[in-house]
There are 2 protein chains.
Amino acid sequence: MGHRRPNKVTQLDIARLAGVSQSTVSRVMAGDPKVEPELRERVLQAARLHSYLPDARAQSLRRRESGMIGLVIKRPRGGLAGDAFFSNLIGEIMDRLHDAGSRLCLELVHGDENEVSVHEALLRSKRVDGVILVESVVHDSRLELLQRDRFPFVLIGNPMRSHVWSVDNDNVAAGALAAEELIRSGYRRIAMLAGPPGITVSEDRILGYSRALDAAGMPCRIWHSDFGIEAARLVAEEALAGPMAPDALVVLDDLMAMGVVLTAREQGLRIPDDLGLVSFNDTHLCHVLERGLTSVSLNIEALVREAVDCLMAQIRGEGPSEPRRILVPCQLKRRGSSAPLPRGEEALR
Amino acid sequence: MGHRRPNKVTQLDIARLAGVSQSTVSRVMAGDPKVEPELRERVLQAARLHSYLPDARAQSLRRRESGMIGLVIKRPRGGLAGDAFFSNLIGEIMDRLHDAGSRLCLELVHGDENEVSVHEALLRSKRVDGVILVESVVHDSRLELLQRDRFPFVLIGNPMRSHVWSVDNDNVAAGALAAEELIRSGYRRIAMLAGPPGITVSEDRILGYSRALDAAGMPCRIWHSDFGIEAARLVAEEALAGPMAPDALVVLDDLMAMGVVLTAREQGLRIPDDLGLVSFNDTHLCHVLERGLTSVSLNIEALVREAVDCLMAQIRGEGPSEPRRILVPCQLKRRGSSAPLPRGEEALR
DNA sequence: CTGTTAGCGCGTTCAG
DNA sequence: CTGAACGCGCTAACAG
């Protein structure tokens, strides 16, 4: 046993074996209808016999498209870890892409360090035909680069001032939805546990939260935390201490909400009686809490469907040429963590 | 508006602009040290000016390696959804691969339907240099194909009778570890909630569980369930009904354990008093249960490190030529769900 | 040390 | 309808 590379069989080999020219093989493989049926059969048989398969690299070099699309997820190192939201997203994208006949090249970006180099490695080097970007900071330098180079891409997230194709939840509405649920349930000191400053999802939900509280004549109180269960737990420790601590929290995602749950437990706070909770993403985590965690469902399937369709249209050069921002509606899943308070004073309502 | 494809600038253009030959540009881009510094500078400048970047497809066609490795995950449709284990795995692989200078092509396989076609699309078409396979059924036809074609690959999972490179936890030991924890805690009717029949992780852990129970002179009882929280919940409903229901359960993974927790709640069973619980993967879910969920940690980082190193060695043609099975040790994370029973009879111990 | 030449495997004219 | 010839963009072998 020796040879490193297997199957060095090429189109030319098949051609010889079938007694035709290489271009005929090419035509047969491409399904060209104007090939004599007899020749076609000879070729197909030879191809099958030697289990020939076209070289994807040569193909994409020639026909100038790789049949791959890139997925770039921006998260701090280890930030993907354990977040079911991304499993969902990736799974959904894969299924959708499979139907479109493309494969996926996954890329993780941690900080600002390599965001540009990723853009280069993936796009300018023509490794992929287009890119889906997930999440963004408020001012994302990649967008300008991609735009300048006229590269097919779609952002899953809020493009802010950039005029690009994007698909997003209406996170302002979502933030308001979450806050209103708590207001309606009778909580009085409703704070928000947000993500790191500058993350658009976070900022948008903060905005929605703020508007809802303003409208109800209640004061806003906002804490920022890094992603992840542990970071949130620590910030919650601070937030939930003291006599003026909030009696309800809008939390940026389910994972962080679990951090809050841990702290609440430590401090002997019962949910929802001592602390109301609403979060986002509606992952499996929501079912795990004793009486369930109220969460805003993002409708990932629709999000992905829109994003992939939009990207594919760009790649094919179809569709309206003007970038558009597509909004996918959210939906509140009401569960026990935001149930109406059984306090005496609530009887007045 | 106008041109579809951006940046049609090639090595030849740069060569002309710098007044050198194309191969010199190639050398400079490759970092060849024996190029006159002055020329190098001219080339680099021209390249920067026109933001030139080598075409990855042409490169890999010529130097017969794509710089990409494939990750093929076999799970039923939607089975990736919400499983934090895979987020972890993927994240870890990406980081590791990044260090090795490769990118990742992700592929999901649902049933037997397309497992062969994936093999073709990825490997035979030379889209990737090698493949990491995750999970396998007891007799996996892909392994033979890959082996026959001498394709660089490593299996994360148990290869059973196949003689291939693989990295795996010692799931037999892990299963025993879990069962022994429950035995030690004083439970008497310890059953196992396993995955679908034929999945090697599941079978191995069943084996370990059985051995541990045999050794303790206790009878085995095994239920099979599909993956996911909901499927497990349903099976648990059946398993936990009746007077002879188990008082402790070894569950195949954290997500399924959560299904069990839901059922336990419905039926008014308290954990760990009425029902002991040990599962696998040690994801964030374990911290969410009131007193914590005891779980066997798989040491994903080590798993991935071994797998990637092994694959890279194969691709480079290095390393021992004989396939080896690498085992990564597991570790029990003891938490509240398997805490010793506070029953009267337990005082005897 | 540099330029010239020859392919990598395939798609696509362009004659016949 | 088919085959011969060319080139995608790049690397590698060989001269000079």
Side-chain angles (χ1 to χ4, degrees), chain A residues 4-44 46-47 50-67 120-121 123-129, chain B residues 4-44 46-47 50-67 120-121 123-129:
Chain A
R4 282 260 84 250
R5 286 298 166 215
N7 269 27
K8 223 48 270 88
V9 47
T10 126
Q11 228 170 47
L12 192 64
D13 301 328
I14 304 301
R16 283 202 257 267
L17 259 99
V20 297
S21 83
Q22 180 229 338
S23 44
T24 298
V25 180
S26 174
R27 288 194 255 267
V28 171
M29 299 313 284
D32 190 326
K34 9 173 226 203
V35 184
E36 204 73 19
E38 193 213 347
L39 288 192
R40 160 189 317 287
E41 218 23 72
R42 287 224 306 272
V43 168
L44 286 178
H50 292 252
S51 57
Y52 163 76
L53 214 66
D55 184 316
R57 304 165 301 182
Q59 276 185 323
S60 68
L61 179 60
R62 205 36 250 243
R63 61 160 75 127
R64 26 204 10 118
E65 64 174 42
S66 65
E120 309 216 315
L123 293 180
R124 298 247 321 285
S125 67
K126 298 174 192 64
R127 226 179 274 267
V128 300
D129 299 328
Chain B
R4 281 262 82 249
R5 286 296 166 216
N7 270 26
K8 238 353 331 70
V9 44
T10 121
Q11 226 171 47
L12 192 63
D13 300 327
I14 303 300
R16 282 202 257 267
L17 258 97
V20 298
S21 84
Q22 186 212 340
S23 48
T24 299
V25 180
S26 174
R27 289 191 184 102
V28 172
M29 299 314 285
D32 190 326
K34 22 183 200 153
V35 184
E36 203 73 17
E38 193 213 346
L39 288 193
R40 159 188 319 285
E41 218 25 70
R42 286 224 305 273
V43 168
L44 286 178
H50 293 251
S51 58
Y52 163 77
L53 215 66
D55 184 318
R57 302 165 304 181
Q59 277 185 320
S60 68
L61 178 60
R62 192 52 244 237
R63 62 159 73 127
R64 28 207 3 122
E65 63 176 43
S66 65
E120 309 216 316
L123 293 180
R124 300 247 319 285
S125 67
K126 299 172 189 66
R127 226 179 275 268
V128 301
D129 299 329

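Residue numbers begin at 1 in each chain, while the letters A, B, ... track the order of the sequences.
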**Prompt:** Can you give one letter per nucleotide of nucleotides 8-16 of chain D, going 5' to 3': B for a protein heavy atom under 4.0 Å from the base, S for sugar-phosphate only, - for none?
**Reply:** BBBBBB---
**Item:** Separation of R127(B) CZ from S66(B) OG (nearest 0.5 Å)
**Value:** 10.0 Å
**Item:** CG on L17(A) to NE2 on H50(A), rounded to 0.5 Å
**Value:**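 Going from the NE2 atom of H50(A) to the CG atom of L17(A) covers 4.0 Å.
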**Prompt:** Can you tell me if the side-chain N/O atoms of T24(A) get under 4.0 Å from OP1 or OP2 in dG3(D)?
**Reply:**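 Yes, such a contact exists.
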**Request:** Could you list all the salt bridge (Lys or Arg N to Asp or Glu O under 4.0 Å) pairs where at least one residue sits in residues 52-62 of chain A, not counting sequence neighbours?
**Result:**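 Checked against salt bridge (Lys or Arg N to Asp or Glu O under 4.0 Å) - neighbours excluded - the pairs reaching residues 52-62 of chain A are D55(A)-R57(A).
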**Prompt:** What salt bridge (Lys or Arg N to Asp or Glu O under 4.0 Å) pairs are there with at least one residue in residues 32-43 of chain B, not counting sequence neighbours?
**Reply:** E38(B)-R42(B)
**Asked** Under the side-chain hydrogen bond (donor to acceptor under 3.5 Å, both in side chains) test, which residues partner S23(A), sequence neighbours left out?
**Response** S21(A)
**Fill in**
Across all chains, not counting sequence neighbours, the side-chain hydrogen bond (donor to acceptor under 3.5 Å, both in side chains) partners of S60(B) are none
**Prompt:** Going 5' to 3' along DNA chain C, which nucleotides are the first and last within contact of chain A (any atom under 4.0 Å from a heavy atom)?
**Reply:**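 Footprint of chain A along DNA chain C, 5' to 3': dG9(C) to dT13(C).
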Closest approach of [X] and [Y], non-hydrogen atoms and distance?
{"X": "L61(B)", "Y": "A58(A)", "result": "CD1-CB, 3.9 Å"}
{"X": "T10(B)", "Y": "L12(B)", "result": "OG1-N, 2.9 Å"}
{"X": "A46(B)", "Y": "A18(B)", "result": "CB-CB, 4.4 Å"}

**Message:** For DNA chain C, report each stem as range with range, ordered by first number, or say none. Use Watson-Crick or G-U wobble pairs under 3.5 Å, at least 3 in a row.
**Reply:** C:1-3 with D:14-16, C:5-16 with D:1-12
**Request:** For Q11(B), check side chain to side chain contact (heavy atoms under 4.5 Å, CB included) against everything at least two apart and list the hits.
**Result:**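 With sequence neighbours excluded, Q11(B) shows a side chain to side chain contact (heavy atoms under 4.5 Å, CB included) to Q22(B), V25(B), S26(B), M29(B), Y52(B), given in chain and number order.
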